[in-house]
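Chain letters run A, B, ... following the sequence lines, proteins first and then strands; every chain starts at 1.
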Amino acid sequence: MAPMAVRSRTSRGPGRVRNYGPAYAGPAGIWLTVFFVAPLLVIVAYSFMAKGLYGGVEPRFSLEAYRSLANSVFLRVSMNTLGISLVTTVLAILIALPCGYYMARSNRKTLLLMLVIIPFWTNFLIRIYAWIAILGNNGFLNALLLRAGIVAAPVQFLYNQVAVTIVLVYTYLPYAILPLYSTIEKFDFSLLEAARDLGCTRRGAIFRVLLPNIRAGIITAVLFVFIPTFGAYAVPLLVGGKESYMLGNFVAEELTRTRNWPLASAISMVITLVTTLGLWLMFRLQGKAPQAKDPARSGGERRAP
Amino acid sequence: MRVVKGRGFSRTVFFLTMGFLFLPLVVLIVYSFNSAKSMSWGGFSLVWYERLFLKERNVWKAFENSLIIAVSSAAVATCLGTLGAIGVNWYKFRFKKYVQAVAFLPLIMPEIIIGVSLLIFFAGIQMKLGLLTIFIAHTSFNLPFVFLMVLARLDEFDYSIIEASRDLGATERQTLFKVILPVSVPGIVSGFLTAVTLSLEDFVITFFVSGPGSTTLPLYVYSMIRFGVSPVINSLSVVLIAGTVLITLLARNFLKYIAQK
């Protein structure tokens with residue numbers, strides 16, 4: 001970080017350059033304070049207030065909302081949400097690792113990147129709808145199965161946890177592939193050959209050389225998939241059923257239907273806490289990653305693709 | 001060098017994954033040309049395209065709303081985000097850490113939290129839900145993306161040019177317009193494009209902060225899925241997918257062009 005010293009305004013000639021920092025960053029800071037930080041503070045405050053008679057809140061301190069979280073419905077939905085998002089994350093990473101590896105070693109990286117980006121940029125709801133068109137009772141898969149005579153009546157593929165997990169993996173897979181690809185791309189592959197020359201098995205080289213070196217990418221990918229799936233709303237709403245209800249749906253229900261705003265705020269706090277916890281855990285893991293073992297930078301030259 | 005053992009496995013997984021990623025898109029494209037209303041094949045037809053372009057006025061109204069919001073929120077987010085990135089990158093000041101933190105947090109906050117908190121906030125200040133609230137919400141989640149992209153660009157260029165510009169007597173404004181902004185153009189352009197895309201794409205946050213008469217395209221698609229699926233949605237999907245492919249190609253070529261300049 002050599003430029004830091006140069007950048008320090010105090011080292012400049014006397015009074016020549018004013019500090020315009022606040023003038024530049026001020027508008028963005030104010031905008032985000034008003035429309036991002038303030039709303040968050042409002043829901044923190046609301047979660048500690050009592051429910052108003054007709055929606056809204058009564059401005060007095062109350063732990064009622066948090067107390068009402070201690071029931072079996074909330075626990076079941078929470079466990080469900082955690083389960084679905086963990087399974088989705090693991091599946092996405094397991095699929096994305098070989099994909100990222102293949103892309104990083106390919107000669108046509110740009111083309112493969114485009115292939116991943118096109119479905120990723122296609123409208124989110126269109127992608128969900130496409131899965132309804134495939135898995136629905138009158139959908140593509142059932143039409144196929146019926147015609148082939150494998151089933152006599154349409155099978156209900158939608159509205160369960162499996163459908164929610166499939167669509168979530170589909171939606172967030174590019175979020176895992178892209179960071180993994182960019183980390184693997186920087187990896188010095190001659191290290192793998194060196195490990196093999198030194199008598200390591202293929203699998204050993206992958207697990208003991210490649211994976212530890214792309215740890216940062218894996219952590220990013222885990223966060224990119226886990227955080228949005230833990231707060232998923234649209235996917236369980238459209239392809240899920242009662243038993244695949246997730247916390248996001250719970251919040252929306254309390255907000256718009258039951259109009260219990262303190263409870264909606266309290267559940268939002270739970271979602272925020274869990275994602276923050278996940279983030280903290282991953283950053284800690286990243287902090288523990290072996291330092292000075294960054295061959296991509298210390299090795300000097302990178303292998304030509 | 002060509003013979004790398006074990007590429008077979010990753011290749012297989014990659015192509016299977018591409019199949020998985022593209023299958024839904026292909027199914028939509030094929031069925032958009034189906035004359036029958038169901039998923040059984042009734043012959044080739046353009047009837048759903050005809051319906052989309054000639055009869056479905058609401059789709060186009062929703063598309064118009066989406067475009068207005070995407071362009072306006074991306075423009076405002078680009079201005080605020082670019083200036084913010086320049087300030088944070090170039091100066092030291094009291095609230096620098098705070099600005100960095102609030103420009104990072106929205107990226108890692110689940111969308112539903114942003115949507116819910118904004119809805120409660122707008123209700124609190126008694127602001128009527130509509131295009132304006134959607135614009136505010138979109139600007140807020142777009143700003144951090146532009147900020148980070150411009151910051152990344154600023155981080156990689158040579159600071160001595162700015163020193164040189166100052167030493168040669170340029171004022172702050174001259175340095176901004178003649179040095180800093182021109183070098184940041186790739187970051188600004190990709191930030192703006194990302195912002196437009198994210199805005200056109202967003203469903204969850206928009207869902208919470210929209211009001212009557214402010215239906216955007218994703219909200220319209222949602223109501224089509226929820227309340228009565230008409231095959232028009234297939235043809236609409238194909239038009240959107242084609243748009244996506246086109247924009248992806250254009251953006252790539254544009255960025256390439258800038259990079260070469």
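- No donor-acceptor distance shorter than 3.5 angstrom exists from the side chain of E254(A) to the backbone of V251(A), with no hydrogens or angles considered.
- The local environment of CG in N138(A) is sparse, with at most 12 non-hydrogen atoms from other residues, nucleotides or ligands closer than 6.0 Å.
- Contacts of F224(A) with chain B are absent, with no heavy-atom separation under 4.5 Å from either backbone or side chain.
- Only the side chain of V99(B) comes within contact range of chain A, with at least one heavy atom under 4.5 Å from a heavy atom of that chain.
- Only the side chain of L173(A) has a heavy atom closer than 4.5 Å to any heavy atom of chain B.
- With respect to chain A, the highest number of heavy-atom pairs below 4.5 Å among T171(B), L16(B), T12(B), L21(B) belongs to L21(B).
- Contact annotation for A264(A): neither backbone nor side-chain heavy atoms come within less than 4.5 Å of a heavy atom of chain B.
- With ring centers used as reference points, Y102(A) lies under 6.0 Å from F15(B).
- Contact of L240(B) with chain A is made through the side chain alone, with heavy-atom distances under 4.5 Å.
- In this structure, chain B has heavy atoms under 4.5 Å from both the backbone and the side chain of L40(A).
- With a 4.5 angstrom heavy-atom cutoff, A103(B) touches chain A via backbone and side-chain atoms both.
- A donor-acceptor contact shorter than 3.5 Å is absent between the side chain of K109(A) and the backbone of M103(A).
- Within the 4.5 angstrom heavy-atom criterion, atoms from both the backbone and the side chain of Y222(B) approach chain A.
- With a 4.5 angstrom heavy-atom cutoff, L28(B) touches chain A only via side-chain atoms.
- Looking at T110(A), the atoms closer than 4.5 Å to chain B (heavy atoms on both sides) all sit in the side chain, from C-beta outward.
- Two residues are said to be in side-chain contact when any heavy atoms from C-beta on lie closer than 4.5 Å; L32(A) and L143(B) meet this criterion.
- Proximity to chain B is absent for every atom of P228(A), based on heavy atoms less than 4.5 angstrom apart.
- Heavy atoms closer than 4.5 Å to chain A are found nowhere in F141(B), neither backbone nor side chain.
- When heavy atoms are compared at a cutoff of 4.5 Å, L118(B) approaches chain A by way of both its backbone and its side chain.
- For a residue to count as touching a neighbouring chain, one of its non-hydrogen atoms must lie under 4.5 Å from one of that chain's; by this rule T139(B) touches chain A with backbone and side chain alike.
- Heavy-atom distances place the side chain of Y98(B), and not its backbone, under 4.5 Å from chain A.
- With a 4.5 Å cut-off on non-hydrogen atoms, E111(B) does not touch chain A at all.
- A side-chain donor from one of S165(B) and T175(B) sits under 3.5 Å from a side-chain acceptor of the other.
- Heavy atoms closer than 4.5 Å to chain B are found in both the backbone and the side chain of L115(A).
- Of the two parts of S140(B), the backbone and the side chain both hold a non-hydrogen atom closer than 4.5 Å to a non-hydrogen atom of chain A.
- Both the backbone and the side chain of I126(A) come within contact range of chain B, judged by heavy atoms closer than 4.5 Å.
- Proximity of the aromatic rings of F207(B) and Y233(A) is defined here by a centroid distance below 6.0 angstrom, and this criterion is met.
- Using a 3.5 Å distance cut-off with no hydrogens or angles, the side chains of N234(B) and Y129(A) do pair a donor with an acceptor.
- For I95(A), the parts lying near chain B are the backbone and the side chain together; criterion is any non-hydrogen pair under 4.5 Å.
- In this structure, chain A has heavy atoms under 4.5 Å from both the backbone and the side chain of L105(B).
- For chain A, the nearby part of V27(B) is the side chain; its heavy atoms alone come within less than 4.5 Å.
- Only the side chain of T275(A) comes within contact range of chain B, judged by heavy atoms closer than 4.5 Å.
- Only the side chain of F36(A) comes within contact range of chain B, with at least one heavy atom under 4.5 Å from a heavy atom of that chain.
- Taking the centre of each ring, Y181(A) and Y101(A) stay at or above the 6.0 Å mark.
- Contacts between L146(A) and chain B at a heavy-atom distance below 4.5 Å are absent for every atom of the residue.
- At distances below 3.5 Å, at least one donor-acceptor pair connects side-chain atoms of N142(B) with backbone N or O atoms of H138(B).
- Using a 4.5 Å cut-off between heavy atoms, L125(A) contacts chain B through both its backbone and its side chain.
- In this pair, Y170(A) and F20(B) present their aromatic rings perpendicular. The plane angle is above 60°, beyond the 30 to 60° band.
- Heavy atoms of S237(B) lying under 4.5 Å from chain A belong to its backbone as well as its side chain.
- With a 4.5 Å cut-off on non-hydrogen atoms, V44(A) does not touch chain B at all.
- Counting only distance, with no hydrogens or angles, the side chain of S66(B) and the backbone of L217(B) share a donor-acceptor pair below 3.5 Å.
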